[in-house]
2 protein chains.
Amino acid sequence: MRIGELSRRTGVPARMLRYYEEQGLLEPERAGNGYRLYGGAAVYRVQQIRGLLDSGLTTEIIRRILPFLDAGDIHLRPQCLTPELAELLQAEADRITARIDCLARNRDALLRYLSTVRG
Amino acid sequence: MRIGELSRRTGVPARMLRYYEEQGLLEPERAGNGYRLYGGAAVYRVQQIRGLLDSGLTTEIIRRILPFLDAGDIHLRPQCLTPELAELLQAEADRITARIDCLARNRDALLRYLSTVRG
DNA sequence: GTTTGCCTTCACACTGATGTGAAGGTTTCA
DNA sequence: TGAAACCTTCACATCAGTGTGAAGGCAAAC
């Protein structure tokens, strides 16, 4: 699909799809006329990017961990994982866990208040 | 305590503590000479603010939900909760849940990859 | 063949969170 | 009395993510 359809299907402005590409998060094919061409998987990919951005990750962090988030097959060879990279991924996972804990704690407090007051 | 000590104890630059105050997230007392004076609870409060900011909330959202996050007592009277406010709090709780789901999904994928490759 | 609706790149503006530093007041200590 | 270490306000800069629009190419439809 072209950029307009992807934009419509994800609700993300075409401007941002180009920006995410510039940041190395999307790599669409190009048609002969220069138009960007996205596969169906791009819809999920874009939603994933937006969710992570909205949860406080930067495009730089997302770019680094993105190859390992859908790791079905290709990256499974151990030589892809240098010790430094493993450490980075583990550190990011830990930061994400800290975010989850913080969010869960505060959301629960919010819901507790709501249910108490609502009676 | 004064701003320097709070900064030291939280690791947050004094500059940002003043900014959070400007945004309505902190309300320190003032000494006769104009110095800001924080109570001990400010340490936790600041860490809470930082955690939420790092998880994608804005100072504006934090300001709105903050009074209800520590709701031990004061705000428990139902007349504090207009239907509009309840809706807003519920909507924010839902957004937070969406963030948690997104983060957990991607963190789990990351950890799955790590444990597979590490063997 | 011109209009219409896509698409392209490029540039400039804005916003929120943050860094940096100037200019000056207060307290403490040598 | 003066230096050192606090504090104050104010202003200007930076950075990432986003909005907006200009100038122009391509393609389908009338």
Side-chain angles (χ1 to χ4, degrees), chain A residues 1-39 42-43 45-66 92 95-96 98-99 102-103, chain B residues 1-39 42-43 45-66 92 95-96 98-99 102-103:
Chain A
M1 81 196 81
R2 288 176 305 186
I3 201 171
E5 183 178 349
L6 182 58
S7 173
R8 247 170 280 121
R9 283 168 67 175
T10 58
V12 175
R15 166 73 175 87
M16 297 317 299
L17 299 177
R18 298 193 189 98
Y19 175 69
Y20 299 150
E21 177 181 354
E22 184 185 302
Q23 299 300 307
L25 307 184
L26 296 172
E27 295 182 350
E29 303 294 310
R30 292 288 182 142
N33 52 16
Y35 287 13
R36 289 169 178 82
L37 291 181
Y38 300 88
V43 174
R45 167 64 54 110
V46 168
Q47 289 163 344
Q48 188 179 30
I49 292 170
R50 293 291 274 201
L52 292 173
L53 281 173
D54 188 54
S55 300
L57 281 74
T58 64
T59 55
E60 193 205 338
I61 299 294
I62 297 174
R63 176 166 33 78
R64 291 207 207 153
I65 68 177
L66 208 44
E92 269 326 303
R95 273 200 76 187
I96 292 176
R99 287 190 180 96
C102 171
L103 289 173
Chain B
M1 82 197 78
R2 290 176 307 189
I3 201 171
E5 184 179 349
L6 182 58
S7 172
R8 247 170 281 122
R9 284 168 67 176
T10 58
V12 174
R15 166 74 175 86
M16 296 317 298
L17 298 176
R18 299 193 188 98
Y19 175 69
Y20 299 151
E21 177 182 354
E22 185 185 301
Q23 299 299 307
L25 308 184
L26 297 173
E27 295 183 350
E29 303 295 310
R30 292 289 181 141
N33 52 17
Y35 288 12
R36 289 170 177 81
L37 292 181
Y38 301 88
V43 175
R45 168 63 55 107
V46 168
Q47 288 163 345
Q48 186 179 32
I49 293 170
R50 293 290 274 200
L52 292 173
L53 280 173
D54 188 54
S55 300
L57 281 75
T58 64
T59 55
E60 193 205 338
I61 299 294
I62 297 174
R63 176 166 33 78
R64 292 207 207 152
I65 69 177
L66 209 44
E92 269 327 302
R95 272 199 77 186
I96 291 177
R99 286 190 181 96
C102 171
L103 289 173

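Just so we're on the same page: letters track the sequence lines, and every chain starts at 1.
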ask   = Contact class for A/Arg18 (heavy atom, under 4.0 Å): base, sugar-phosphate, or nothing?
value = base
message = Strictly below 4.0 Å: does A/Thr59 bring a side-chain N or O up to OP1 or OP2 of D/dA16?
response = no
ask   = So, does the side chain of B/Tyr35 form a donor-acceptor pair with the base of C/dG25 at under 3.5 Å?
value = yes
request  = Measure from the side-chain heavy atoms of B/Arg15 and tell me the nearest of C/dG16, C/dG19, D/dC7.
outcome  = C/dG19
remark   = From CG of B/Asn33 across to C1' of D/dT8 the rounded distance in Å is 9 Å
ask   = Which nucleotide sits closest to the side chain of A/Met16: D/dT9, D/dC7, D/dG17?
value = D/dG17
message = Can you identify which nucleotide, out of C/dA17, D/dG17, D/dC7, has its nearest atom closest to the B/Leu53 side chain?
response = C/dA17
task = Would you mind telling me which of D/dG17, D/dT8, C/dA17 lies closest to the side-chain atoms of B/Arg36?
result = D/dT8
ask   = Atom CZ in B/Arg15, atom OH in B/Tyr20: separation rounded to 0.5 Å?
value = 10.0 Å
key: Separation of atom CD1 in B/Ile49 from atom P in C/dA17, rounded to whole Å   = 11 Å
message = Which nucleotide wins on minimum distance to the side chain of A/Arg30, given the candidates C/dT18, C/dT27, C/dT9?
response = C/dT9
request  = Could you pick out which residue, B/Thr58 or A/Arg2, lies toward the 5' side of DNA chain C when each is mapped onto its nearest nucleotide?
outcome  = A/Arg2
query = Can you tell me if the side-chain N/O atoms of A/Arg8 get under 4.0 Å from OP1 or OP2 in C/dG5?
reply = no
